Amino acid sequence: MNTEKITLDSYRDIAPAGVVDLLYKLAERLKGKSILHVNSTRYGGGVAEMLLRLIPFFNELGIIARWEIISGTPLFYQTTKSLHNALQGQPQAITAQMYNEYKQVNKDCAAELSLDAELAIIHDPQPAALIEYKPKDSKWIWRCHIDISNPQRKVWQFLRDYVSRYDGAIFSLPSFAQKLNITQYLLYPSIDPLSDKNKELDSLEINQVLAKYGIPSDRPMLLQVSRFDKFKDPLGVIEVYKLVKKNNDCILVLAGGSAADDPEGAMFLNSVKEQAVTDKDIFILDLPPDANIEINALQRAASVVIQKSTKEGFGLTVAEAMWKGKPVVAGAVGGINVQVIYGETGFTVNSIEGCAYRVRYLLNNPVISEKMGEKAKDYTRRNFLITRHLCDYLALITATLNIR
Ligand code: UDP
């Protein structure tokens with residue numbers, strides 16, 4: 001845990017010049033305004049990761065910011081995971097009973113939570129139906145963090161009935177925008193360079209983490225950090241590693257955990273473990289939600305970071321690795337395409353063979369790999385840090401609350 005107090009001024013030497021001053025300027029007219037974020041988990045996954053870091057800074061800027069979590073029954077989580085899968089394009093059987101449970105849990109949560117705020121940002125499909133219970137006179141924005149470019153139509157129609165009642169919607173990529181009668185915004189997610197997940201670590205700290213998990217440092221490490229989820233394609237990563245290993249001796253680390261609102265994670269993790277059981281150079285780490293230093297160290301120790309997703313809203317893990325000067329080889333999907341600039345900050349790939357080819361290329365060309373890593377870090381500094389994200393949010397609040 002960070003013990004020293006991190007304030008916005010701490011970012012002056014890290015973020016692009018002028019951003020911190022711009023933040024203070026933008027916040028001047030927003031002092032005392034109240035905002036509320038609602039999502040469905042406090043730990044696990046990118047949304048929780050970002051809210052945890054963003055909320056204190058809104059408050060430092062004089063905005064009264066709160067964060068509420070909706071929680072439900074196992075059937076509710078099963079339903080919202082199915083909604084999530086269907087919105088990312090996968091056929092799912094969602095029964096009337098499941099839709100009813102979704103509505104009922106949202107209704108119950110609306111009664112339990114304090115939804116009062118001048119502006120509420122409701123994240124992802126799980127709490128979207130709270131809009132039915134929106135207090136009068138407040139503004140509500142729905143923020144979508146998933147790859148919704150090719151959703152199962154019926155499921156999107158169900159959700160769209162709720163979304164179209166919001167005052168606006170935020171997507172992470174232009175291609176995720178939908179036919180909607182409300183204003184749509186584009187906001188890229190962000191990482192916090194001063195969090196335990198991303199702060200500088202020295203080699204002693206990195207080696208301690210490797211030793212803790214018995215990971216050797218005598219050969220190059222390929223790494224993917226992700227929840228154990230089929231859209232992250234860890235099984236594909238194992239295939240990539242096997243191809244690379246034919247020519248380059250290396251080890252593979254798959255580091256992940258599960259999100260509190262993801263009922264499929266544990267089962268999927270077992271199937272990944274089964275694929276790796278015979279190879280002692282594959283390390284599968286099932287990490288607790290607070291393993292931030294551990295993930296940081298692994299990302300810094302890796303020779304090549306892979307993010308072989310087949311669907312990806314944004315992919316914070318990509319920005320995290322890029323910030324650590326690593327070129328990333330990643331599936332050419334969703335938000336990965338705005339982070340990985342082919343041949344500049346890493347490589348986007350479309351197949352196991354293509355991924356293995358580019359991993360080998362980077363392993364065999366360390367000087368090029370290092371140069372790409374430097375560009376990746378600079379690109380992340382300019383585009384994907386928390387300070388830029390806060391600026392975007394302040395502009396959004398100003399516009400939505402019609403502040404003059
Ligand atoms: N993460 C973590 N522990 C894990 C797996 C992931 O802390 O075991 C973090 C990861 O470092 C990143 C976030 O969770 O900050 C995942 O965000 P991303 O956008 O990559 O994917 P999502 O899980 O939201 O689909």
Side-chain angles (χ1 to χ4, degrees), residues 1 39-54 80-81 83-85 87-88 90 123-126 143-148 171-173 176 187-199 201 209 213 223-234 237 253-262 264-266 268-269 272 283-300 302 305-324 326 328 330-331 333-340 380 384-386 389:
M1 290 289 275
N39 81 324
S40 61
T41 176
R42 201 168 288 281
Y43 304 104
V47 181
E49 180 85 17
M50 286 188 284
L51 288 177
L52 201 63
R53 306 303 302 178
L54 283 163
T80 55
K81 184 71 185 182
L83 291 176
H84 174 102
N85 292 343
L87 291 166
Q88 294 214 129
Q90 194 181 295
H123 296 265
D124 280 337
Q126 298 92 330
R143 182 160 188 183
C144 177
H145 293 270
I146 61 182
D147 181 340
I148 199 170
F171 296 95
S172 301
L173 218 63
F176 297 165
L187 247 74
Y188 294 133
S190 66
I191 60 159
D192 184 345
L194 295 180
S195 66
D196 283 350
K197 175 80 53 70
N198 298 308
K199 68 182 185 184
L201 295 180
V209 171
Y213 296 110
L223 170 73
Q224 175 160 300
V225 174
S226 274
R227 287 180 295 111
F228 288 100
D229 179 298
K230 58 184 158 307
F231 291 119
K232 310 288 185 183
D233 199 16
V237 179
V253 177
L254 291 172
S258 56
D261 60 348
D262 178 0
E264 290 178 359
F268 192 66
L269 171 60
V272 176
F283 297 81
I284 296 179
L285 311 183
D286 183 10
L287 300 174
D290 60 351
N292 295 314
I293 298 280
E294 285 80 352
I295 288 175
N296 187 344
L298 291 168
Q299 288 167 330
R300 288 179 191 281
V305 173
I306 300 172
Q307 188 57 56
K308 223 202 126 316
S309 305
T310 55
K311 286 278 177 182
E312 193 62 80
F314 183 72
L316 281 184
T317 49
V318 173
E320 287 164 6
M322 286 170 61
W323 177 247
K324 289 154 190 130
K326 305 294 167 177
V328 180
V333 290
I336 287 174
N337 285 313
V338 294
Q339 300 183 77
V340 177
T380 305
F384 305 122
L385 295 191
I386 189 169
H389 201 178

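Both counts, for ligands and for their atoms, begin at 1 and track the order of listing. None of these values were measured; they are calculated from a predicted model. Throughout, numbering of the chain's residues begins at 1 and tracks the sequence.
Below 3.5 Å of separation, one finds an N or O of Gly257 facing an N or O of ligand 1. Backbone and side-chain nitrogen or oxygen atoms of Asn292 are examined, and none is located within less than 3.5 angstrom of a nitrogen or oxygen of ligand 1. Ligand 1 has a nitrogen or oxygen under 3.5 angstrom from a nitrogen or oxygen of Gly256. In terms of polar-atom proximity, defined here as any N/O pair under 3.5 Å, Val225 makes no such contact with ligand 1. Geometrically, ligand 1 and Leu287 share no nitrogen or oxygen pair separated by less than 3.5 Å. The shortest N or O to N or O distance between Ser226 and ligand 1 is not below 3.5 Å.
Under the 4.5 Å side-chain criterion, counting only non-hydrogen atoms from C-beta, Gln224 is in contact with Gln307. Put simply, the side chain of Leu51 reaches to within 4.5 Å of the side chain of His123, judged on heavy atoms. With contacts defined as side-chain heavy-atom distances shorter than 4.5 Å, the pair His145/Asn39 does not qualify. The side-chain heavy atoms of Ile191 and Lys197, taken from C-beta on, include no pair separated by under 4.5 Å. Between Phe231 and Asn85, some side-chain heavy-atom pair lies under the 4.5 Å cut-off. Put simply, the side chain of Lys311 does not reach to within 4.5 Å of the side chain of Gln90, judged on heavy atoms. Looking at heavy atoms from C-beta onward, Gln299 lies out of side-chain contact with Trp323 at the 4.5 angstrom threshold. Looking only at side-chain heavy atoms (C-beta outward), Ile146 and Pro125 come within less than 4.5 Å of each other.
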Worked check of side chain to side chain contact (heavy atoms under 4.5 Å, CB included) between Lys324 and Asn296: CA-CA 9 Å; Lys324 289 154 190 130; Asn296 187 344; 3.3 Å; yes
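Atom 12 (C) of ligand 1 has its closest protein heavy atom at Glu320 OE2, 3.2 Å. The protein heavy atom nearest to atom 22 (P) of ligand 1 is Lys232 NZ, 3.5 Å. Nearest protein heavy-atom neighbour of atom 23 (O) of ligand 1: Arg227 NE, 2.7 Å. For atom 16 (C) of ligand 1, the nearest protein heavy atom (residue, atom name, distance) is Gly46 N, 3.6 Å. Looking from atom 18 (P) of ligand 1 to the surrounding protein, the closest heavy atom is Leu316 N, 3.4 Å. Of all protein heavy atoms, the one lying nearest to atom 3 (N) of ligand 1 is Ile295 CD1, 3.2 Å.
At a 4.0 Å heavy-atom cut-off, ligand 1 touches Lys197 through the side chain alone.
Close contacts of ligand 1 with Glu49, meaning ligand atoms under 4.0 Å from a residue heavy atom, involve 15 (O). Residue-ligand proximity, Gly315 to ligand 1, at heavy-atom distances under 4.0 Å covers atoms 19 (O), 20 (O).
Not a single heavy atom of His145 sits less than 4.0 Å from an atom of ligand 1.
Salt bridge status for Lys81 with Asp229: present, with a side-chain N to carboxylate O gap under 4.0 Å.
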